[in-house]
Each structure stands twice: as structure tokens, then as C-alpha cells.
Amino acid sequence: MNIDINLILPEIFLSLSIMTLLMIGVFKKNSTSLIFNLSVLTLLILSALILNLSNIGETFIFNQSYVIDDFSNFMKILTAISTIFVMSVSADFLKSLNIYKIEYPILILCSLLGMMVMISSNDLIVFYLGLELQSLALYVLAAFNRDNILSTESGLKYFVLSALSSGLLLYGCSLIYGFTGSTNFIDISSNTYEVPYALTFGIVFILVGLAFKISAVPFHMWAPDVYQGSPTSVTMFFALIPKIAATCVFIRFLYVPFINMIDQWQMIIIFISIASMIFGAVAAIGQKNLKRLIAYSSIGHMGYSLAGIATGSIGGIQSSITYITIYVIMNLALFCCLFMLRRNNNYFENIDDLSGLSKNHPILSLSLLIILFSLAGIPPMAGFFAKFYVFMAVIEQSMYFLAIVGLLSTVIAAFYYLRIIKIIYFDPSKDKYDTNHSFGLKISLLVSTVFILFYFIYPNSLINIISKINII
Amino acid sequence: MNIPILSSLILLPTIGAIFIFFSKSNVEKYNSSKYIALFISTANFILSLYLWFVFDNSISEFQFVENRKWIVGLVNYKVGIDGISILFIILTTFITPLCVISVNTTVKKRLKDFLISILLLETLMIGVFCSLDLVVFYLFFEGGLIPMFLIIGIWGGERRVYSAFKFFLFTLLGSVLMLVAIITIYWLTGTTDVEALYEIGIETKYQNLLWLAFLSSFAVKTPMWPVHTWLPDAHVEAPTAGSVLLAAILLKMAGYGFIRFSIGLFPVASDYFVPLIYTLSLIAIIYTSLVALMQEDMKKLIAYSSVAHMGFVTLGIFTLTQQGIEGGIFQMISHGLVSAALFLCVGVVYERMHTRLIKDYGGVVSVMPKYAIVFMVFALGSLSLPGTSGFIGEFLILMGAFKKSFFVAAVASVGVILGAAYILWLYKRVIFGKIINQDVKKLIDLNNSEIFILWSLAIPILFFGFYPEPLINTIEVSINNLIEVYNLNLENYMVKNK
């Protein structure tokens, strides 16, 4: 069997760089900054390598268990680029907590490798391998601030619950294998003409595992604690990148092997979607900690992205991908703002700490204003378009109930975003925060905010790329 | 036309806002930013007058249409105006410079941000009246919430936070259903282009639900009874310039939306729901007039009177007669001027006395004679005395209503009387009588900029009261066409059902 090495080159390059970086880190003293810079370089080269594959079209390798197509390329580039942003903004923060260590970039790269495998997987086993690789790295990252009790707690919590969900997922895999005789997505899809009920059980178990990974209701319980407990830069990673990979797997798993069984899984997705939207909106209202609030808001956002997946149409998938892309950029910007709440090397993360921010930091407040209105889905920010595409797809399938519930929960969610804006703009001001931020942080905030604000001028930029994606 | 005149109208205030954002102005005086804002908004006003000048009011088609690709395959950025929209655009560009001038006395802090908000709001409001695509319309319509939320929230009174939230959430709640309807229309017809939709028409079996979804948004914005409760709060807490923009223009978006979308797109449903609108309008007219009579706060009183006047507007529009709709539009323009002026009048004394309670005033005429005169003009305009623009509007509306139903018109006429009662009583209690409160004696009469603002509102009120021709001529053909198309659609539907 001949395999074009180019197809798998990004993954090979990434694994080799991880090992090299680890070696450099172990044998060279005080090399943390070097490792950080090298890992950013690695990510840049990685993005270029993936970009190089963009014209290949759909190609299967390794006995059809690994797939390279527009979808996987887009999602991989999205993960790689967002990881670059995460790396470039987190250095200062890690230094302030005294956890500026070589393991951090290496673990992030490991997790990224796992996600790339997940994204390209066309086989249950490959998919599970990727998932475990990314999860193991994430457990360590969650507990990375090991002297902090909240951080270790969140690491342990995430580990236990995640292991449970992986168990369920694996059980689902075995059920599916048992009833279709294959672990390969394409083989499974050709074996599902007669649908035994037990196969539905398999799907349900896997959906539970995946819903856990993207923290959709009712498998969201870990998210607020882990988000709050982990160091903020890790929270940022948690909130952005595993969601991209998990959404990707969600889509591929449901649409490649089981598109014929849409009647079986559609109601489940709709339920998870509605529950996440409503719960995310309602539970965030009472929060005092910004990271916790972001956790609930991301639960809500996952609900919207699932609404696109629930449609069972190509437009739905595309809208869901658009949603997740814009979601990643919005949250990236929000976390950048969070990193700017620094005074004498202390980082602040309570909503009250934002009080009267607009007086002393007009630019930062303006960015927050744009980001929060965007998260609330108010036009003309990018967040509105994300919701717009999703509801276009949802209404195309005449799922009016989902659309109306979704939009009504937007109104509820708008309340807590408005509350933050109120605190920033209407409340009395507090002490100034430091303004000497790193270049990477400033540029990340600038880029993402400008994208959010000016997306409406040329919305085709994203749509043109995403409209090529077709996996049915 | 090679110059995209409508897009320039829409963009100019934004460009001004960007200039102000980057201008380094003196922190204490903010002079440069104010002059930029004034210059830009005046330029926009002149541009809109030029637009009116070159506007051909003998044809009913949309003019100055610009159509650009926007979201490929879904939505085009399409703007254009006809006789109905141009008046609202001019109203917007006319009111905005006055608001900019009025900040002299009323806005004490963060003037720069305030001016930016006002200019952005102007962009969005003009956009609402120009857009010929449902999605573009929605974008402008909803986007207006952001600056208004900030205006109420940052520069408002004591309960500003509550009011800002109520305003934002009420309106958003109404609008999301409209978004569902817009997307549904797209999937039913394959387009959101208003002109194309007029041609294609929307299947009658869907019209009722879609109409209700649009109503949910417009009713909140109008505001119609029973979802009007946000308005008094928002008005009372908003700073003067905010109240003026809210009353003069933001409320008109919904009235405009009723004419352009509810009637234009869903003729059958509009016909079906006429009794509903009549009922809600009559309740609004009578009930809120009675509520206004009981108010002790001047701004609240005027806010309730706005609800009542907007009740007349919706009543007029849904008589679906030439006179009724003309009256509705005329009343909206007139109310835009009158209510803006009344809020400015309240602002004038509020800045001096820091109270809005009616009982704290009395006998103002002896210390502020110039103020008393100009206030009188607006009070009379509000109660629609013949010779003011308010009269033409209400007269036409009642004429339209009498054509359709004697009972409705009779009840609405009672509203006219109540309207006279509360505004005259307000005037009497504030302006006449003995001076009880010693602070009133210290009041200083209008300064030059206030005289300028108030008289530049009073003159059009009187002018159009005596000579309504220019306005009527502008809207006549478009409305004629609207009614014709509406009747045609209705007839087709009747024929089909037989």
C-alpha cells in the first residue's frame, strides 16, 4: 500500500517537533522562553503544512481510517491558529503564577496532536486514540498550577469525569462494532440498512461522551468548576480548542456513518441543544466570577452550534462550523481582555473588578463592549451572523420550535452580557490596571476585535471557505 | 446617479464618529468633538435636503436604489427610497444636529462618547428608513439598540440601569420573532429583497403568523398598548437628547415598518388583523391619555402622550385608506417635531431646577416669558390645534377612520379631547399660576442656543400646519400606489377564495 507521505506530514511534523522540543527542554537549562518561541514557530510551520494540503480534495489513507478533506483542513488550521494565539497571550500570565515551565507548551502541542487525529479520524479506534491523547494532556494542564488547591481540584475533577465519559464512549464504540461488524465510518454506513435498536444505544453512548467533551447540557457539570479552577490561560485553551475538535467529530460521526439514522439521533441533538441554550443562558445570570460566567456562556454557545448540527442538512453543518469559528474568535478576544485585568502581577477575574473600567481604560472597555454585544448576538457584530446562519439552516428544515426557543434564550443571555456592560460603563470606577501588556496580547485582542466588529462589511470571507465543506 | 447618495447619508455620521473618536480634544471643553459632530450632522441634513430636492415625487418606484452583493447567495445590500421613507430621513437628519446643539447644557460628562453614540445612532436610523432588504433592515433596526442602551445607561437619571435594561430586553424580545419571520420569508420565497417580495407576494396561509411576528417587534417599538411600559421608564431616565431621539425617530421606525412591511408584504393578514389594531390603538389612545392626566412627572406625561399619539398613527395606518395612511405619516412627522420639542422644553427647566415634578413649578411665565411662548406653540401642536402640523395629521387620520367605522372614529375623537386636556393642564400648572416654589423666581430665561433649537422646531410645526402641501405631495403617489397594490392583492385573494 502506497501512502503519499505529504498527506500525513502535518501530524508527523508535529509529533517530531514535540519530541525535539521535549529533548531541548530536558537537556538545556532555562530554556522555557526558547521552547515557547519554538512551539509558536512549530505551529506556524504546521499551519503552512496544512494549508499546503488544501487543494487535495477528499482523500482516505490507512485503510480508509484517516481522512483528509476540506473540512479537516479547515478545522485543523482553525485549531492551529487559535493555539498560536493562546500561546502568545499566556506567557506573561504563567510567569506571574510561577508556572512558566517547558511542559506547558509541550502539553498543549500534545493535546493539539490528539485533536488533529480526532479531526481527521474516519474510524472509531483512531478517533478514540486521538481523543485520549488530547484528554490526557488536558488533565495535566488543568492541574498545571499544582500548588493551587482549586487547580488541582479541577484537574482531578476533569480527570475523573472525563474518564467516565471516555468509558461510556468506548462502550458505545464496542456496541457499534458489535452490531455493524466494523469500526470504520464508511463500512458502518453501508451496514446500517437494517437498524437494530441496540445500534441506537451505541450512538447514544458515543453522543454522551462527545457531549461531555463540548460540555453540553446535561453533561456540563464539570465545566464551571474546571474553568474557574484552572489557570486562566489553560481555561482559555479549554474554552476554545477542544470544542473545535469535538464539534468536528460530532459532525463527522453523525453525518458519515449514521446519516441514514437521522430519525434516531435528531431528537437527542435537539434536546441537548435546547437544554444547553436555556441552561447556559439562565445559569450564567447569577455568576460573579468571569471565568465561571464564560463557562456557562460557552455551554449556551455549544447549544447554538448543536442546533446547526441537528438539522441534518449540509447548510446546517456549514452554519455550525461558521458558528464555532466565530465563537472561537469571540472567546479569544474575551480572554485577551481578561488577561489585561492585571495590577501588580495579580490577575483579576471577578465581574466586580470590571466596575467602571470605561473611565480609566476606554479602549479596553470599547473592545469588551464590542465582544460582549457580539456574544449576545446583537447586529452588526460577528456574533449576530453566527446565529443568523444557524437559524437560517434551522428554519430551512422547518424546525420552528428550535429556532424560537433558541432566539428567546438569546434574549435571556443578552441580560447577563448587558450586566457586564452595565458594570463596565455605568458603575463607579476603581483603581487603574496595568497597561504594559505584551505585544502578543495586544495584537491578539486587536485582531480578534477588529474581526468581530468589521465582519459585517465582508461576510463572504468566511462563507466562501466554509461553503466548500461538504461531507455528506 | 453615480454618486451613492443614500450610502453617503448612512455613512457620513459614522465617519464623523470615527473622527471624533480619534480627535484629541481638550478634556474639559471637548470643543473640537462638538464642532465635528455639529458639522457632520448639519452636512448630512443639507445632503438630505438636496435628496428631497432631486427626489421625483411623481413616480411611485423606489429611487436612488443601490444594490450591492453582500452575503453571497443570501442577501444583497439594497437601499432605496420612495415618498414614504424620504420624510423620515429628513426628520432624522433634522433632529440630530438639534440634539448635538442641545448637549451644550444637558450633558455634563463624557461628551465625546455621547456625540459618538448620537452619530452612530443617526447612521443606524437612516439605514432603517433606506433599507430595501429585510435582513439589512433588521441589522439597522437592531443595531440601534446598542447606542440607545448606552445613552440611557451612561447619561441617564437615577434609575437609568433599570430603564436601559428594560428598553433593551423588551425591544430585543420583540425583534427576535421578527428575525424568525424574516428567515422564514427567505425560505418561502428565496429572497429578502423587499421590491422582489412585493412582486412575488407571500402565500396567504403563512401571512397571518408572519404578520404577528412582525407585529411583535413593531408593537414593542411603536409602542402599542400593552407593551408600552418600557417607554415611560426609558424617557424619564434618558438624558434630554436621548429622549428627543427616542421620541422623534426611534418610535417612528415601527410606524414606518408597519407601512413598508406589514401592509406591503402581508396585505391579506393586514386586512384580517385590522380589528386587533383598532382595538389596541383605541385602548392606547384612551387609556394612556387618562394615565397621562394623572402624571406628576413632566417627562412621564409627555411619554404617555407619545403612546397616545402613536395610537393615532397605528389607527390611521390600518384604516388602509389614502387619508388614513397620509395622516399617519403626517402625524409621525408632526409628533417627531412636537415631542422632540416638548422633551427639550422639559430639559430646559430641568437643567435649571433639577426637578421634573409638575408641582415644583408654577408661575414660570413671569420669569421666563420667551420660554412660555415657545412652550405654548408646542403644547398647541401636541393637542393638534388647527394651524399646527398636529392638526393635519389627526384630521386626516380621523377622516380615514370615519370612512371605515363611525364608532372607531368617535372613540378616537374622545382621545383628541383628552389629549387637549392633559397638555393644557400641564401647561397651566407649569407656566401659569402663582409662584409657590421660591426656586422658580431664580430661573433664567432661554439662552441663545435654546432659542435657536426650540424655534427651529416651532417654525416647521407652524409652517406645515398652515401649508402641508410639500409633505403631502411627497408622500401622495407612493401611498396611492401602496393602497392600489394592497386592494389588488386583496381582490385577488377574495376571487381565489370564491
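All chains are named by letter (A, B, ...) in the order of the sequence lines, taking the proteins before the strands, and each is independently numbered beginning at 1.
What you find for B:W187 and A:M392 is that their closest heavy atoms are NE1-O, 2.8 Å. What you find for A:Y255 and A:G308 is that their closest heavy atoms are OH-O, 4.3 Å.
When the candidates B:F140, B:W70, B:Y138 are compared by the number of heavy-atom contacts under 4.5 Å with chain A, B:W70 comes out ahead. The residue among B:L169, B:I146, B:L124, B:V180 with the most heavy atom pairs within less than 4.5 Å of chain A is B:I146. When A:K422, A:E396, A:R419 are compared by the number of non-hydrogen pairs under 4.5 Å with chain B, A:E396 comes out ahead. Between chain A and the options B:L150, B:L177, B:I182, heavy-atom pairs under 4.5 Å are most frequent for B:L150. Most heavy-atom pairs under 4.5 Å with chain A, from the set B:W155, B:Y186, B:F168: that is B:F168. With chain B as partner, the option from A:V411, A:L407, A:L418, A:N464 having the largest number of non-hydrogen pairs under 4.5 angstrom is A:L418. Annotation: maximal heavy-atom pairing with chain B below 4.5 Å, among A:I395, A:I378, A:I404, A:T410, occurs at A:I395. The candidate with the highest count of non-hydrogen atom pairs below 4.5 Å against chain B, out of A:S398, A:S467, A:P379, is A:P379.
Note on B:K166 versus B:D233: salt bridge recorded, some NZ/NE/NH1/NH2 to OD/OE distance being below 4.0 Å.
Residue A:I423: no heavy atom, backbone or side chain, is found under 4.5 Å from chain B. Neither the backbone nor the side chain of A:I412 comes within contact range of chain B; no heavy atoms are under 4.5 Å apart. For A:F373, the part lying under 4.5 angstrom from a heavy atom of chain B is the side chain only. With a 4.5 angstrom heavy-atom cutoff, B:L145 does not touch chain A via any of its atoms. Neither the backbone nor the side chain of B:F141 comes within contact range of chain A; no heavy atom of the residue lies under 4.5 Å from a heavy atom of that chain. Both the backbone and the side chain of A:F388 come within less than 4.5 Å of a heavy atom in chain B.
Residues A:L341 and A:L357 meet the side-chain proximity criterion, which asks for heavy atoms closer than 4.5 Å.
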Stepwise side-chain hydrogen bond (donor to acceptor under 3.5 Å, both in side chains) check, B:T14 with B:T123
CA-CA 6 Å; B:T14 307; B:T123 287; 2.6 Å; yes
Derivation and outcome, side-chain hydrogen bond (donor to acceptor under 3.5 Å, both in side chains), residues A:S374 and A:Y455
CA-CA 11 Å; A:S374 177; A:Y455 178 79; over 6 Å; no
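When ring centroids are compared, B:F167 and B:F149 stay outside the 6.0 Å threshold.
With hydrogens and angles ignored, the 3.5 Å screen pairs a side-chain donor or acceptor of B:S216 with a backbone N or O of B:G174.
Note that the CG atom of B:L179 and the CD atom of B:E142 stand 8.0 Å from one another [nearest 0.5 Å].
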